[in-house]
Amino acid sequence: MKQLVVSLTFSHEKALGQQVLELEMTLADSEMEKLFVDRFGTDGRSLIKVRAPGRVNLIGEHTDYNDGFVFPMALTRQTTILAKRRKDAIVRLASSMEPQMVEFSIDAPVKKEAPKWSAYPRGVAEALRLKNLLKVGMDALVFTDVPLGGGLSSSASFEVASGLALLTVNNAKLGLADLALACQWAEHHYAGVPCGIMDQYISAMGVKDHAMLLDCRDLSTRQIPLDNAQIEFLIVNSNVKHELVQGEYTARRNQCHRAVEVISRAFPTVKALRDVSMTMLEVCRMELDPVVFRRARHVITENQRTLDFAAALEAKDWTKAGQFMYASHFSLRDDYGVSCPELDALVDICGTIPGIYGARMTGGGFGGSIVVMGRHAAMADAVVAIDDQYPQRTGLQASHFVTTAGAGAQVVKDLAL
Ligand code: GLA
């Protein structure tokens with residue numbers, strides 16, 4: 001049956017090319033359970049099921065690790081894990097997308113070993129083990145319809161789902177906010193990405209039909225309802241793979257750190273770029289490397305845009321909100337240097353469509369996706385324009401889907417049910 005999973009994937013790839021990335025999770029529970037039984041050679045009794053969504057960030061990019069504001073929403077696309085409690089401390093993991101089964105033990109520090117995708121569950125298991133929350137392991141099968149490498153937090157959704165599965169089979173209690181922090185720890189220590197808290201937090205704590213204004217300094221949140229009748233969000237994947245681990249993300253973090261070092265000499269109360277105003281930055285301009293100055297300017301202006309965007313959305317002023325999205329994109333492109341020609345082309349194409357209010361790159365950058373906000377009727381026009389112009393301009397095919405805000409992580413089927 002392992003064969004069947006693989007051949008199903010191949011036939012989709014052949015038939016649909018890039019579209020395979022955008023395959024919606026349509027497997028029924030019974031089909032997933034059958035795949036689990038085939039993969040683990042065990043019965044399907046006492047299976048638990050958990051899910052954790054990917055995310056799209058509407059605005060507030062590269063602000064989370066500067067103690068700033070972000071405004072993401074959870075997607076309806078998600079990582080789903082079926083798991084069965086084991087009696088010993090072994091975790092066995094299989095993925096519907098990977099041929100290789102992963103096995104590790106949680107009765108000692110979890111080893112950092114190949115394959116690469118296992119870094120996420122390994123790291124989360126270690127974070128939970130260090131909190132003394134785990135006694136037994138599990139057999140687990142992972143499914144996802146979050147496009148991998150699409151800048152939509154497929155890894156955070158995998159981390160949060162892995163953590164929730166481990167907690168559930170152990171009957172262990174941990175608040176979702178603490179689970180998000182444990183997953184961030186995993187990303188830092190096992191995946192090697194010094195990420196902020198946004199992705200794991202929204203995956204764990206998202207609320208259906210709401211976007212979440214998160215203050216990354218004190219982790220306070222405001223859930224802001226989205227008016228689905230008047231606005232829709234289109235996600236367009238440039239199909240340029242982003243690779244945060246390859247240094248650029250870390251380089252940006254270091255530049256922000258450098259800016260704070262310099263600015264805090266003149267303004268000792270400054271602990272993070274969150275505390276810096278444009279006036280303060282101007283005062284320090286001569287002491288700052290010009291690149292570091294621009295990086296800091298992005299973060300300072302982006303924090304304000306995020307608050308202004310949230311206010312415009314609450315006031316249902318879509319045109320104004322959309323302008324903040326474009327401004328965010330240009331700032332990420334020009335000051336922060338994390339866009340790429342493909343993302344710029346997509347934003348440019350969407351900017352010409354009547355009824356589209358705003359568009360911007362979303363996530364870490366260097367590829368991945370853009371998010372487009374507009375009226376329902378405009379979405380089809382945007383898709384036609386993208387399909388027509390993007391291949392001509394870049395030689396690539398984009399994939400896209402319209403989304404509403406989904407719910408955060410959930411145990412769908414518990415041990416007791
Ligand atoms: C990645 C990181 C987040 C955040 C974004 C940029 O998605 O995981 O923590 O820094 O990039 O906003």
Side-chain angles (χ1 to χ4, degrees), residues 52-75 119-120 123-124 146-160 177 180-206 211-217 219 235 237-238 240-257 272-274 295-296 298-303 305-306 309 324-325 328-329 331-333 335-340 343 360-371:
R55 66 96 188 94
V56 59
N57 188 21
L58 300 182
I59 199 163
E61 218 67 79
H62 289 276
T63 45
D64 58 353
Y65 51 83
N66 289 299
D67 278 5
F69 298 96
V70 292
F71 196 49
M73 70 182 207
L75 297 175
Y120 305 109
V124 176
V146 186
L148 305 181
L152 301 173
S153 291
S154 52
S155 45
S157 75
F158 186 20
E159 288 155 4
V160 174
L181 289 164
C183 292
Q184 184 195 25
W185 183 94
E187 183 102 24
H188 287 193
H189 296 277
Y190 277 67
V193 184
C195 65
I197 188 60
M198 168 170 72
D199 305 347
Q200 292 78 11
Y201 216 79
I202 183 67
S203 181
M205 310 275 284
M212 184 176 82
L213 181 63
L214 170 65
D215 180 336
C216 298
R217 170 161 274 170
L219 298 185
I235 312 287
N237 188 343
S238 67
V240 175
K241 290 271 179 276
H242 74 143
E243 235 342 325
L244 293 180
V245 199
Q246 284 174 354
E248 290 293 343
Y249 187 87
T250 313
R252 296 300 177 285
R253 268 199 94 134
N254 292 341
Q255 286 162 339
C256 292
H257 186 71
L273 282 178
R274 156 75 174 273
R295 303 298 190 242
H298 164 74
V299 175
I300 295 164
T301 56
E302 183 78 351
N303 271 329
R305 270 190 295 274
T306 304
F309 176 85
F324 292 125
M325 292 176 79
S328 165
H329 183 81
S331 175
L332 286 157
R333 180 191 66 189
D335 273 355
Y336 217 62
V338 291
S339 188
C340 62
L343 292 172
R360 57 180 291 280
M361 57 155 276
T362 185
F366 308 106
S369 301
I370 68 161
V371 54

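In what follows, residues are counted from 1 in the order of the sequence shown. Whatever order the structure lists ligands and atoms in, that order sets their numbers, starting from 1.
The structure places OG of Ser153 at 7.0 Å from CD of Gln200, a figure rounded to the nearest 0.5 Å. Expressed to the nearest 0.5 Å, how far CG of Leu273 lies from OH of Tyr65 amounts to 9.5 Å.
Each of the atoms 7 (O) of ligand 1 lies under 4.0 Å from some heavy atom of Arg55. Contact atoms of ligand 1 toward Tyr65: 10 (O) (distance under 4.0 Å to a heavy atom of the residue). Close approach of ligand 1 to Gly364 (heavy-atom distance below 4.0 Å) involves ligand atoms 7 (O), 11 (O). The distance from ligand 1 to the heavy atoms of Asp64 drops below 4.0 Å at these ligand atoms: 3 (C), 4 (C), 9 (O), 10 (O). Of all atoms in ligand 1, numbered sequentially from 1 with element shown, those under 4.0 Å from a heavy atom of Cys195 are 2 (C), 8 (O), 9 (O). Within the listing of ligand 1, atoms 4 (C), 5 (C), 12 (O) sit less than 4.0 angstrom from a heavy atom of Met198. Near Gly196, the atoms of ligand 1 lying under 4.0 angstrom from a non-hydrogen atom of the residue are 9 (O).
Residues passing the ring-ring contact (aromatic ring centres under 6.0 Å, His included) test with His189 are Trp185, sequence neighbours excluded. Here Arg333 pairs with nothing under the salt bridge (Lys or Arg N to Asp or Glu O under 4.0 Å) rule; sequence neighbours left out.
Classification of Asp67 and Arg217 as a salt-bridged pair holds, one side-chain N sitting under 4.0 Å from a carboxylate O.
Using modelled atom types, one finds no donor on one side chain facing an acceptor on the other under 3.5 Å when comparing Ser157 with Arg55. A donor and an acceptor atom, one from each side chain of Arg360 and Ser328, are located under 3.5 Å apart.
Polar contact with ligand 1: absent for Thr63 (N/O pair, distance under 3.5 Å). Between Tyr249 and ligand 1, a contact under 3.5 Å exists for at least one N or O pair.
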